[in-house]
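Residue numbers start from 1 in every chain, and the chains themselves are labelled A, B, ... in the order their sequence lines are given, proteins ahead of strands. Every heavy atom of this structure was used, including side-chain atoms; hydrogens, water molecules and symmetry mates were not.
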2 protein chains.
Amino acid sequence: MKDDTPWLDEQENRIWRAFLQVSGRINAQLSESLKTTTGLTMDDYEVLVHLSESESHRLRMTELSHRLLHSQSRLTQRIDRLSKRGYVCREKCPDDGRGTFAVLTPAGMQVIKDAAPHHVKDVRAALIDLIEPKERPLVADVLERLATQARDRDLG
Amino acid sequence: MKDDTPWLDEQENRIWRAFLQVSGRINAQLSESLKTTTGLTMDDYEVLVHLSESESHRLRMTELSHRLLHSQSRLTQRIDRLSKRGYVCREKCPDDGRGTFAVLTPAGMQVIKDAAPHHVKDVRAALIDLIEPKERPLVADVLERLATQARDRDLG
DNA sequence: ACATAGTACTTAAAAGTTGAACTATGTCAA
DNA sequence: TTGACATAGTTCAACTTTTAAGTACTATGT
């Protein structure tokens, strides 16, 4: 590689290290808390959230795997487990014989309703409450820009 | 649970969603890139980085597992694999018969030296370059506060 | 209509992670 | 000293994720 990339300076390095640390630790804290209060993993919870927010409480497998940033086979197996527990089920897609919908069941809806308040409390404690209100607009802007640019790169 | 936790408002929700998205996506991008350019996973790389920055290129297993937020058994097995590849080795701790050091080998040092410029370029592209210079001081502050508070909670 | 290529999802085996039990050593008070 | 308890690290079985095929359907070109 050509050496046209400067090393990270002090401030850049602080940002990168802290980012790594924070994303690891928030994930660990929320996972831990979700597991003990509801028996769900973070991955389980995110599946249920995405379904609960979708039209007819259903999403195509591929669409869901993209949203979760999971491989298709990983999603296949997670849906297997969630449906064994009765929280989701599969339905064939009527328009496309290859397709399958993951569908939230009433039991799944109930589980996520029960879990949500705990989870919100944890998100506040781990993230939101630690950002001063006056800092929030900038933080939201920066994070959304990062999310958008990253997504654009994936697609483009 | 008592219903004393308000739901996330619009701005809080944007922050949380974007954070989730960004941390997932940056991790995916960097992993992908590291793997194709150097054959290392992110976890491998982080082990080597921590060792390379430590006194005598070595760290106690437990200390390293804390820094990486990995379980001890996960670290044991990662060090097994890295030492099979010749990038690290184990040395008994002379002061404490129970203890083991993970030690970076010259081959491991070389690997990380080769990997670093690619990785830095990726970190810039995925994170640093997307934050305006004038935003960086605040972003650094917020992230470090999040990292610190989270760590304090783990310990206390 | 048929071959070809592409898409959606699943399966199976290998690789990695978790969590509890286990080994070995260290610490400390009686 | 000894016994009780704590700490450092590994091992093992169960589980999850990855990787590489495999199956079944759709789209496209002739």
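The neighbour count for A:Lys35 NZ, taken as heavy atoms of other residues, nucleotides or ligands under 6.0 Å away, does not exceed 12.
Judged by distance alone, with hydrogens and angles left aside, the side-chain atoms of A:Thr105 form a donor-acceptor pair with the main-chain N or O of A:Tyr87 at under 3.5 Å.
Note: B:Arg98 CZ to B:Thr62 OG1 = 9.5 Å, rounded to the nearest 0.5 Å.
Rounded to an integer number of Å, the gap from A:Arg74 CZ to C:dT17 C1' is 12 Å. One can place CD of B:Glu46 at 17 Å from C1' of C:dG16, the figure rounded to the nearest angstrom. One can place CG of B:Leu75 at 11 Å from C1' of D:dT10, the figure rounded to the nearest angstrom. In this structure, the CG atom of A:Leu59 is 11 Å from the P atom of C:dC9, given to the nearest Å. Distance B:Arg60 CZ to D:dG9 C1': 9 Å, rounded to the nearest Å. Taking atom CZ of residue B:Arg78 and atom P of nucleotide D:dT17, one finds them 15 Å apart after rounding to whole Å. When rounded to the nearest whole Å, the span between CD of A:Gln72 and P of C:dA12 equals 17 Å. In this structure, NE2 of B:His70 is placed 16 Å from P of D:dG9, rounded to the nearest angstrom.
Distances were taken from every side-chain heavy atom of B:Thr62 (C-beta onward) to each of D:dT18, D:dG9, C:dT10; the shortest belongs to D:dG9.
Residues B:Pro94 and B:Phe101 are in side-chain contact: their nearest non-hydrogen atoms beyond the backbone lie under 4.5 Å apart.
The base of C:dG16 does not come close enough to the side chain of B:Gln77 for any donor and acceptor atom to sit less than 3.5 Å apart. On a pure distance criterion of 3.5 Å, a polar donor-acceptor pair joins the side chain of A:Arg98 and the base of C:dT7. Side chain A:Ser73 to base D:dT19: a donor-acceptor pair is found below 3.5 Å.
B:Thr76 comes within 4.0 angstrom of a base, heavy atoms only. Within 4.0 Å (heavy atoms only), B:Lys35 reaches sugar-phosphate atoms of the nucleic acid but no base atom.
Under the salt bridge (Lys or Arg N to Asp or Glu O under 4.0 Å) test applied with B:Arg17, the options A:Glu53, A:Glu144, A:Glu46 reduce to a single match, A:Glu53.
Contact annotation: B:Arg81 does not reach the phosphate of C:dA15 (side-chain N/O to OP1 or OP2, under 4.0 Å).
Across all strands shown, D:dT30 pairs with C:dA1; the Watson-Crick or G-U wobble distances both stay below 3.5 Å.
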